[in-house]
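Only one structure is covered here, and it is reproduced in the block below.
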Protein chains: 2
Amino acid sequence: MARPSTPLLSREQILRAALDLLDRTGELGLPRLARQLDVGTSSLYHHFKGGREELVEGLRGLLTEGSMPTGPGQGEGWQDFTRRWARGYRAAFVAHPAAVPLMTAQTVTHPSTLASYETLAQVLHDAGFDDEELLHAVTVLDNFVLGSALDACAPVEVWADSGRPGSPLSRAIRATKAQPGDRSERAFHLGLESLLTGLERLRDDR
Amino acid sequence: MARPSTPLLSREQILRAALDLLDRTGELGLPRLARQLDVGTSSLYHHFKGGREELVEGLRGLLTEGSMPTGPGQGEGWQDFTRRWARGYRAAFVAHPAAVPLMTAQTVTHPSTLASYETLAQVLHDAGFDDEELLHAVTVLDNFVLGSALDACAPVEVWADSGRPGSPLSRAIRATKAQPGDRSERAFHLGLESLLTGLERLRDDR
DNA sequence: ACCTGAACACCGTTCAAGT
DNA sequence: ACCTGAACACCGTTCAAGT
């Protein structure tokens, strides 16, 4: 076939197919992805010269662009914005569990994801956080969101059968499983609020 | 050679070689590991019938057993124990950065790691946390530690060149890089203390 | 620029054969 | 039980050849 007059592929198209493959099978193999697109494996390298790593980074962009706030709303306080930032970030990952290990295994280089870190930093700066506080704040929030995403994508049963059936942990899991409301989601809320008040105190105690 | 009169390998030995290989090269390939041990790849499967996954789980055990507290000390409060638990957990990972993505990509099933979750739950239970609070506490701490481990193992430069050089985030990074004290470590401390007071409030506000 | 097919150096896993 | 070597079905990446 050689070069077609009109391109068979585009980054967009490949990324969508990759996300679809990942959601359906939990894996992302380049040969498999290419087969899905009715194309040779090597064709993918024309659109992602960085190979698999660049493709995964593209996925990060696809996920975060749709889900993270671009800037603070009218008169929105730093706490409210930070809440939206963290929730949006986590939501982006939780919607595609199989993508999470890929994201966490690889350094963030996607511009729009990095831009959202910048935005958060800007908001905190404007709220009176100094350099060091700001950096710690961003780090802490990033840490917590990523960890929470990992947790949300793991089965609850993980800890269930860990010890004696009467142990506090397994009892707690059974007790909590009954009630509605996602365990991971509720824990995320609790942790996020704790971090927000912790950060506020950090700023004010100076 | 067939079966040797005295075994050439042991789980211990394989795990140590695996950790060594991981620390040195950042990767953990079974063929490469076998070559390192002067053994055929398939020999590994006699000691880890679950294959690579079981091997990685064994690594988790190796890391956590040496680093996590087995129980509360004499008259140690829940906050102090929880601090030790979280710090030990994180330290186990941070000492072997290349192992972190492997750990986070895979469900925890190693008994001794699970036991340490049980211990934490027990301590919180004895401190008056009810089932739901306890589960949230463990989840939140777990999330934060894993996220922090991921962060600690990533290069600081990640965010450095993200936006305009004068952006708050890159300024903050430059300002903080100069001073001693590990950024990730300090952020971890801040977040952990925030979570601890958040958890205390959760328990007391009931 | 964009696709192909072949080639390369790897993977993880299984299994019959040997003691 | 424990090691071997061969075999299988995969990987990710590169590259000359074609338009």
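Reminder, nothing fancy here: chain letters follow the sequence lines and each chain counts from 1. Remember, predicted model here, so these are calculated numbers, not experimental data.
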Does B:Arg32 put a side-chain nitrogen or oxygen below 4.0 Å from OP1 or OP2 of C:dC11?
yes
Sort out for me which residue in B:Leu19, B:Thr113, B:Leu15 forms a side chain to side chain contact (heavy atoms under 4.5 Å, CB included) with B:Leu63.
B:Leu19
A:Leu28 near the nucleic acid: base, sugar-phosphate alone, or nothing, with a heavy-atom cut-off under 4.0 Å?
sugar-phosphate
To the nearest angstrom, how far is A:Leu44 atom CG from D:dT14 atom P?
13 Å
Measuring only between side-chain heavy atoms, which start at C-beta, is B:Leu124 closer than 4.5 Å to B:Thr82?
yes
What is the distance from CD of A:Glu27 to P of C:dG12, rounded to the nearest Å?
13 Å
Between A:His46 and B:Ser42, the residue closer to the 5' end of DNA chain C by nearest nucleotide is A:His46
Side-chain contact, heavy-atom cut-off 4.5 Å: B:Thr64 with B:Ser112?
yes
Can you tell me how far C1' of D:dT19 sits from CG of A:Leu8, to the nearest Å?
13 Å
Return the nearest nucleotide to the side chain of B:Pro4; candidates are D:dC2, D:dC15, D:dT13.
D:dC2
Please report, rounded to the nearest Å, how far the P atom of D:dC11 is from the CG atom of A:Leu33.
11 Å
Considering only heavy side-chain atoms of B:Pro31, the closest of C:dC11, D:dT14, D:dA6 is C:dC11
Regarding D:dG12, can its base be found pairing with the side chain of A:Thr41 as donor and acceptor, where the two atoms are less than 3.5 Å apart?
no
5′-ward residue of the pair B:Asp38/A:Lys49 relative to DNA chain D
B:Asp38
Could you state the CG-P distance from A:Leu21 to D:dC10, rounded to the nearest angstrom?
14 Å
Can you list the stems that include DNA chain C, where a stem is three or more consecutive Watson-Crick or G-U pairs with distances under 3.5 Å?
C:4-8 with D:12-16, C:12-16 with D:4-8
Strictly below 4.0 Å: does B:His47 bring a side-chain N or O up to OP1 or OP2 of D:dC3?
yes
Just checking A:Ser5: base, sugar-phosphate only, or nothing, at a heavy-atom cut-off of under 4.0 Å?
nothing
Nucleotide C:dT14, atom P - distance to CG of B:Leu30 in whole Å:
11 Å
Heavy-atom side-chain proximity of B:Leu33 to B:Arg52 below 4.5 angstrom:
no
Can you measure B:Arg35 atom CZ to D:dG5 atom C1' for me and round it to whole angstrom units?
15 Å
Which word best sums up how the rings of B:Tyr89 and B:Trp85 line up, parallel for under 30°, tilted for 30 to 60°, or perpendicular for over 60°?
perpendicular
Closest to the B:Leu9 side chain, choosing from C:dT4, D:dC3, C:dG12:
D:dC3
For D:dT4, take OP1 and OP2 only and decide whether either is under 4.0 Å from a side-chain N or O of B:Arg3.
no
Take the protein atom CZ of B:Arg52 and the nucleotide atom P of D:dC11, then report the distance between them rounded to whole Å.
15 Å
For D:dT4, take OP1 and OP2 only and decide whether either is under 4.0 Å from a side-chain N or O of B:Ser43.
yes
